[in-house]
Amino acid sequence: MIIGSNLIFVKNLPSTNTHAGHLLKTNDVPEGTIIYTNYQSAGRGQPGNVWESEDGKNLLISIILYPIFLAPTDQFIISMAISTGICDFLRKYIPVCSIKWPNDIYINNDKIAGILIENSLMGDRIEHSIAGIGLNINQVKFISDAPNPVSLKQITGVNYGITACISQLASDLDKRYRQLLSENYSQIRNDYISDLYRLNEWCNFKDSEGIYTGRILSVTDSGRLLIEKKSGIIAEYSFKEIGFIP
Ligand code: BTN
């Protein structure tokens, strides 16, 4: 086991990702180390967002990886591996789970988990990667203005042990990381694409030119979203260039 071979628990932290960054500067940290906490006072989401999580209710972790075998142009495969690993975990509890491009984890139309991956590049390689995951487990009331949060407990009615969830998730992510190490990229990519939220469904999107009807066809190896327009034109987007219209 690589992911989860070393666990570091700190009761309260500003952010597990920030803490992981500090550890990497000062210590030799074994690959697969998981930093986890009960509470983050400054949990970070995608740029410009905060991550809400009630004390002791949810899974808040950061994983330290050294994917030095990957070139920066291939870095999106890490997002794909982490997203599919979270879906592998969630399907043990609930049958439906999808990945809203690029890496939000959804149950139907609600967000159950967010991922913040911070890669440090050195020349043409990835020196280290901090994969932060916030997964809503037992929280039943959300107070921030996040549009559509949901937790495992809200769906199943069951209360879960957070450390048991961390062990199970670590094992599921470890299987995906091993696929990466063995260069089984096609398995990860195919699973990621087939799990995409709204894959092949005609629906409305908004880009810089306005709202249009289209359907998601795929995601490129570099992580760009491919949408077919009704006209037959295929448009390609980077993160933040396109929005889903509910
Ligand atoms: C998102 O905006 O969807 C990404 C959310 C990522 C939240 C997790 S919680 C654990 C780790 N530490 C952080 O500060 N953020 C990530």
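Counting starts at 1 for both ligands and their atoms, in listed order. Given the structure is predicted, the values throughout are model-derived calculations rather than measurements. Numbers here are sequence positions counted from 1. Heavy atoms only: backbone and side chains are in, while hydrogens, waters and symmetry mates are out.
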J.: Could you name the option among Glu52, Lys100, Gln40 that has the heavy atom nearest to atom 9 (S) of ligand 1?
T.: Gln40
J.: Going by the order shown, which atoms of ligand 1 are within less than 4.0 Å of some heavy atom of Leu60?
T.: 9 (S)
J.: Can you pull out the closest protein heavy atom to atom 3 (O) of ligand 1? Residue, atom name and distance to 0.1 Å, please.
T.: Lys111 NZ, 2.6 Å
J.: So Arg224 and Glu236, salt bridge (charged side-chain N to carboxylate O under 4.0 Å, His left out) or not? Walk me through it.
T.: CA-CA 6 Å; Arg224 287 162 67 81; Glu236 201 175 312; 2.7 Å; yes
J.: Is any NZ, NE, NH1 or NH2 atom of the basic residue among Asp172 and Arg176 found under 4.0 Å from an Asp or Glu carboxylate oxygen of the other?
T.: no
J.: Can you list the ligand 1 atoms lying under 4.0 Å from a non-hydrogen atom of Ile61?
T.: 10 (C), 11 (C)
J.: Considering only protein heavy atoms, which is closest to atom 16 (C) of ligand 1, and at what distance to one decimal place?
T.: Arg44 O, 3.7 Å
J.: Among Gln154, Lys57, Glu52, Lys153, which one satisfies side chain to side chain donor-acceptor pair (under 3.5 Å) with Gln139?
T.: Glu52
J.: Are Tyr160 and Tyr93 close enough that their ring centres sit under 6.0 Å apart?
T.: yes
J.: Check Asp104 against ligand 1 and report side chain, backbone, both or neither, counting heavy atoms closer than 4.0 Å.
T.: side chain
J.: Just to verify, what does Tyr106 make a ring-ring contact (aromatic ring centres under 6.0 Å, His included) with, not counting sequence neighbours?
T.: Tyr197
J.: What atoms of ligand 1 come closer than 4.0 angstrom to any heavy atom of Gly43?
T.: 14 (O)
J.: Near Gln46, which atoms of ligand 1 are under 4.0 Å from a heavy atom of that residue?
T.: 1 (C), 2 (O), 4 (C)
J.: Quick one: nearest non-hydrogen protein atom to atom 8 (C) of ligand 1, plus distance?
T.: Gly134 N, 3.5 Å
J.: In ligand 1, which numbered atoms sit nearer than 4.0 Å to a non-hydrogen atom of Thr16?
T.: 10 (C), 11 (C), 12 (N)
J.: Please confirm whether Asn49 comes within less than 3.5 Å of ligand 1 when only nitrogen or oxygen atoms on both sides are compared.
T.: no
J.: Is the distance from the ring center of Phe239 to that of Phe76 below 6.0 Å?
T.: no
J.: Can you list the atoms of ligand 1 that are under 4.0 Å from a heavy atom of Trp51?
T.: 3 (O), 5 (C), 7 (C), 9 (S)
J.: Is there any ring pair (Phe, Tyr, Trp, His ring centres under 6.0 Å) pair reaching into residues 18-74, and which pairs are they, with sequence neighbours excluded?
T.: Phe9-Tyr36
J.: With a sphere of 6.0 Å drawn around CG of Asn200, does it hold more than 12 non-hydrogen atoms of other residues, nucleotides or ligands?
T.: yes
